[in-house]
Amino acid sequence: SLAQLTYNVTYYRIVDDSNARHDSEFLQTSNTSILLTGLKPYSYYGIEISVLAETGNTSTTFAYTDEDRPEEVAEFDVENVEASSFRLEWKPPLEANGHIGYRYRLQDTVNGSPAEVVTIALSDLEVVGEKFQYIVGSLNGDTTYHVSIFAYNIKLNIDGDPSHTEI
């Protein structure tokens with residue numbers, strides 16, 4: 001009978017061009033197929049496999065994990081509130097989890113009109129320092145608005161959690 005082989009599996013996340021290893025994990029298995037869990041979305045991983053009884057014979061492969069839902073945007077604020085416009089400001093999410101865009105949701109809380117969800121064209125965004133800015137116009141004066149901003153995954157069309165405020 002053949003002896004059962006034991007495989008050493010090391011996997012790690014690569015975050016930049018230096019190929020430095022982050023979140024490195026190690027496991028041993030006699031299976032020829034395993035499911036790696038706990039991986040971060042839209043991340044680049046190195047996976048090394050070697051046979052325990054052999055030396056110098058390591059196979060390495062690299063793979064990206066799939067895109068996923070983005071995290072909530074950071075430091076959301078509304079500035080320059082005027083009778084018919086205001087400016088939204090925010091920082092991107094800490095974990096974009098893929099290629100993202102932005103949407104805002106606007107609700108006139110006085111007149112009870114349905115909420116409007118608007119996808120912001122990336123070309124319409126202004127970047128000031130680390131923050132994005134976008135001006136919302138054509139508003140009714142003397143009303144209260146509930147506004148939220150959220151990142152969404154462009155490929156999967158999945159919205160992240162919104163950041164809210166009322167003005």
Side-chain angles (χ1 to χ4, degrees), residues 10-25 33-48 60-167:
T10 303
Y11 59 100
Y12 47 90
R13 191 165 56 97
I14 300 170
V15 295
D16 55 32
D17 292 337
S18 71
N19 287 339
R21 297 176 180 205
H22 295 269
D23 307 324
S24 184
E25 297 286 338
S33 175
I34 59 170
L35 176 65
L36 302 178
T37 60
L39 305 179
K40 290 186 176 257
Y42 198 60
S43 294
Y44 192 53
Y45 280 87
I47 302 131
E48 297 177 352
T60 304
T61 189
F62 298 92
Y64 275 100
T65 52
D66 286 337
E67 295 188 34
D68 202 358
R69 186 175 193 252
E71 289 186 353
E72 185 175 342
V73 301
E75 298 182 31
F76 174 53
D77 201 7
V78 176
E79 299 287 336
N80 290 10
V81 177
E82 297 178 8
S84 63
S85 68
F86 54 79
R87 184 177 69 225
L88 306 176
E89 290 187 351
W90 68 94
K91 284 187 176 180
L94 290 176
E95 296 290 342
N97 296 333
H99 298 287
I100 61 171
Y102 296 97
R103 294 180 173 140
Y104 69 89
R105 182 178 186 270
L106 189 64
Q107 171 86 48
D108 180 338
T109 59
V110 173
N111 298 317
S113 58
E116 177 184 8
V117 176
V118 177
T119 299
I120 301 170
L122 295 178
S123 59
D124 291 340
L125 288 176
E126 288 198 39
V127 180
V128 178
E130 296 180 343
K131 289 191 170 187
F132 290 114
Q133 295 183 343
Y134 180 78
I135 295 176
V136 178
S138 302
L139 302 173
N140 298 325
D142 299 327
T143 195
T144 302
Y145 288 97
H146 180 85
V147 62
S148 55
I149 184 96
F150 46 94
Y152 74 98
N153 181 292
I154 294 170
K155 177 182 175 184
L156 304 174
N157 199 26
I158 300 173
D159 295 336
D161 289 333
S163 293
H164 304 277
T165 193
E166 199 162 285
I167 53 169

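Only heavy atoms go into these numbers, but all of them, side chains included; no hydrogens, no water, no symmetry mates.
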Check: Would a 4.5 Å heavy-atom cut-off, applied to side chains only, mark L106 and L139 as touching?
Finding: yes
Notebook entry, point to check: Do the non-hydrogen side-chain atoms of V73 and F150 ever get within less than 4.5 Å of each other?
Noted result: no
Next item on the list: Would you indicate whether the side-chain heavy atoms of D124 and Y102 approach each other to under 4.5 Å?
Entry: no
Next item on the list: Would you check if the side chain of T144 reaches a backbone N or O of T109 as a donor-acceptor pair within less than 3.5 Å?
Entry: no
Notebook entry, point to check: Shortest non-hydrogen contact from T165 to F76?
Noted result: CG2-CE2, 3.6 Å
Note to self: Any donor-acceptor pair under 3.5 Å linking the side-chain atoms of T10 with those of E48?
What the structure shows: no
Notebook entry, point to check: Quick check: does any side chain N or O of S43 sit under 3.5 Å from a backbone N or O of P41, one acting as donor and the other as acceptor?
Noted result: yes
Checklist line | Close side-chain approach of L156 and D66, heavy atoms under 4.5 Å | finding: no
Checklist line | Gap separating the CZ atom of R21 from the CZ atom of R13, nearest 0.5 angstrom | finding: 14.0 Å
Check: Which pair of non-hydrogen atoms, one from A151 and one from I100, has the smallest distance, and what is that distance?
Finding: CB-CD1, 4.1 Å
Item checked: Between OH on residue Y44 and OG1 on residue T65, distance to nearest 0.5 Å -> 12.0 Å
Notebook entry, point to check: Heavy atoms, side chains only, cut-off 4.5 Å: are I34 and L36 in contact?
Noted result: yes
Check: Quick one: ring pair (Phe, Tyr, Trp, His ring centres under 6.0 Å) partners of Y42, sequence neighbours excluded?
Finding: H99
Note to self: One thing to verify: whether D68 and K40 come together as a salt bridge, which I'm taking to mean a side-chain N less than 4.0 angstrom from a carboxylate O.
What the structure shows: no
Checklist line | salt bridge (charged side-chain N to carboxylate O under 4.0 Å, His left out) partners of D159, counting only residues at least two apart | finding: R103
Note to self: What's the separation between atom CD1 in I135 and atom CZ in F86, rounded to the nearest 0.5 Å?
What the structure shows: 11.0 Å
Item checked: Gap separating the CD1 atom of I14 from the OH atom of Y45, nearest 0.5 angstrom -> 10.5 Å
Checklist line | Y145 side chain reached by D108 side chain, heavy atoms, under 4.5 Å | finding: yes
For residues 126-133, run the donor-acceptor check on the side chains, cut-off 3.5 Å, and write out each pair with its distance to 0.1 Å, sequence neighbours left out.
unit_1, atom_1, unit_2, atom_2, d
E130, OE1, K91, NZ, 3.0
Q133, NE2, E89, OE2, 2.7

Margin query: Is there a side-chain contact between V78 and L88 in this structure, where contact means two heavy atoms from C-beta onward sitting under 4.5 Å apart?
Written below: yes
Check: Rounded to the nearest 0.5 Å, what separation is found between the OG atom of S148 and the CZ atom of R105?
Finding: 6.0 Å
Notebook entry, point to check: Which heavy atom in I149 sits nearest to a heavy atom in Y104, and how many Å separate them?
Noted result: CD1-CB, 4.0 Å
Notebook entry, point to check: Between P70 and P93, which heavy-atom pair has the shortest distance, and what is it?
Noted result: CB-CG, 4.5 Å
Next item on the list: Classify the ring geometry between H146 and H164 as parallel (under 30°), tilted (30 to 60°) or perpendicular (over 60°).
Entry: tilted
Notebook entry, point to check: From N153 CG over to N97 CG, what is the distance, rounded to the nearest 0.5 angstrom?
Noted result: 8.0 Å
